[in-house]
Amino acid sequence: GRVYLNKVFHISASKMFELLFSDSTFIRRFMNVRKITNASFTPWQKDASGNTERSLNYTITINNPLIGKFSGATENQTLYKESREGQYYLVDAEVYTHDVPYHDYFYTHNRYCITRSSKRKCRLRVYTDVKYKKQPWGLVKSFITKNSWSGIEDYFRQLEMELLEEEAEINQAAGDS
Ligand code: YK8
């Protein structure tokens, strides 16, 4: 896997969790920018093991002439019970794209880790891996991997930029640095 984001933001850990993992204006706006449409979220719900889960369905827009322009996607998120309100949040997200070539071969695993570094600061770390459900032919595998990494890299680069803007807004509104 790879680490796409590993950065301290001048945003509290609980605020960061709210921005990324609730039906926030921030995430709605970010989805708009990424042309992710028809988004629906289930509420967070505790499962039998004590973790909390929810799932998202949306349509992604793809900038790749080899693939169709749109694909439906499902993202299953798990907030682990080891998470501590305001201190530490660990979320795993499995993203399945339904309408791209070879979609039945792979999915993407994103791990988001938010850790409090001070009252108004947190570190956000995102680790990503492309997982295979079936072993494709070598050439197909490298094709999937290459196309996935570029799309994922682009997504998290933009997420970082949008978070930096949000950070500036939050801290300006708070009237302190
Ligand atoms: C989530 C990983 C792969 C997929 C895509 C597939 C190409 C298939 C290659 C063929 C289109 C929001 C991506 C980037 C779509 C977007 C997914 C997003 C960014 C030719 C073999 C959607 C995070 C996320 C995870 C995985 C991304 C897909 O929150 O290349």
Side-chain angles (χ1 to χ4, degrees), residues 1-7 9 11 15-44 51-80 83 89-114 122 124-166:
R2 300 187 187 180
V3 173
Y4 277 109
L5 225 167
N6 184 9
K7 200 175 168 59
F9 291 92
I11 297 175
K15 182 72 185 172
M16 182 63 83
F17 179 76
E18 184 197 310
L19 292 177
L20 299 178
F21 298 105
S22 70
D23 192 353
S24 64
T25 7
F26 173 80
I27 207 74
R28 288 279 178 192
R29 214 188 313 129
F30 182 59
M31 284 178 152
N32 257 343
V33 171
R34 297 298 310 178
K35 298 195 177 73
I36 295 175
T37 57
N38 302 318
S40 68
F41 307 64
T42 67
W44 284 106
N51 298 327
T52 312
E53 297 184 320
R54 69 169 188 170
S55 62
L56 285 68
N57 278 295
Y58 44 75
T59 305
I60 53 167
T61 306
I62 304 164
N63 280 319
N64 188 328
L66 296 176
I67 319 168
K69 210 172 166 358
F70 303 101
S71 173
T74 302
E75 177 165 345
N76 298 324
Q77 299 180 341
T78 304
L79 169 66
Y80 288 99
S83 302
Y89 302 84
L90 182 61
V91 177
D92 269 347
E94 291 182 346
V95 182
Y96 297 84
T97 42
H98 306 305
D99 312 295
V100 301
Y102 307 105
H103 62 91
D104 48 335
Y105 281 88
F106 73 101
Y107 64 94
T108 307
H109 171 211
N110 295 326
R111 169 162 281 195
Y112 296 83
C113 186
I114 302 168
C122 73
L124 172 64
R125 198 170 165 281
V126 184
Y127 163 93
T128 299
D129 208 2
V130 179
K131 300 274 197 186
Y132 289 88
K133 291 187 274 180
K134 303 194 254 187
Q135 275 310 309
W137 186 44
L139 208 64
V140 170
K141 190 171 179 175
S142 62
F143 192 50
I144 295 172
T145 309
K146 188 175 154 283
N147 278 283
S148 298
W149 286 140
S150 62
I152 297 165
E153 187 179 356
D154 199 54
Y155 179 86
F156 286 112
R157 200 187 299 130
Q158 191 154 26
L159 180 64
E160 177 176 339
M161 275 169 30
E162 297 289 323
L163 280 171
L164 287 171
E165 275 181 32
E166 186 71 19

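One-based numbering, in listed order, for ligands and for the atoms of each. This one's a predicted model, so the numbers in the text were calculated from it and none came from an experiment.
- In this structure, the protein non-hydrogen atom closest to atom 3 (C) of ligand 1 is S148 OG, 3.5 Å.
- With hydrogens left out, the protein atom closest to atom 29 (O) of ligand 1 is E75 OE1, 2.9 Å, a heavy atom.
- For Y155, a nitrogen or oxygen atom sits less than 3.5 Å from a nitrogen or oxygen atom of ligand 1, counting backbone and side chain alike.
- The nearest heavy-atom contact from the protein to atom 4 (C) of ligand 1 is T97 CG2, 4.4 Å.
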Donor-acceptor pairs under 3.5 Å, side chain of residues 155-164 to any protein atom, not counting sequence neighbours: which ones?
residue : atom : partner : partner atom : Å
R157    : NH2  : E153    : OE2          : 3.4
Q158    : OE1  : R34     : NH1          : 2.4

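- Ring geometry, F30 versus F26: the interplanar angle falls under 30°, so the pair is classed parallel (tilted spans 30 to 60°).
- You'll find the side chain of Y112 stays beyond 4.5 Å of the side chain of L5, heavy atoms only.
- Residue-level proximity to ligand 1 for N110 is carried by the side chain, the only part with a heavy atom below 4.0 angstrom.
- Near T108, meaning under 4.0 Å from one of its heavy atoms, ligand 1 places the atoms 2 (C), 26 (C).
- Put simply, atom 19 (C) of ligand 1 has protein non-hydrogen atoms near it, under 4.0 Å away.
- Here the CZ-CH2 distance, from R54 to W44, works out to 5.0 Å after rounding to the nearest 0.5 Å.
- Protein heavy atoms are absent from the space less than 4.0 angstrom from atom 13 (C) of ligand 1.
- What sits closest to atom 22 (C) of ligand 1 on the protein, heavy atoms only, is Y58 OH, 3.9 Å.
- Contact annotation for V130 and ligand 1: no heavy atom of the residue comes within less than 4.0 Å of the ligand.
- A search for ring-ring contact (aromatic ring centres under 6.0 Å, His included) contacts involving F17 returns F21, Y89, not counting sequence neighbours.
- Residue N147 touches ligand 1 through backbone and side chain together, judged by heavy-atom distances below 4.0 Å.
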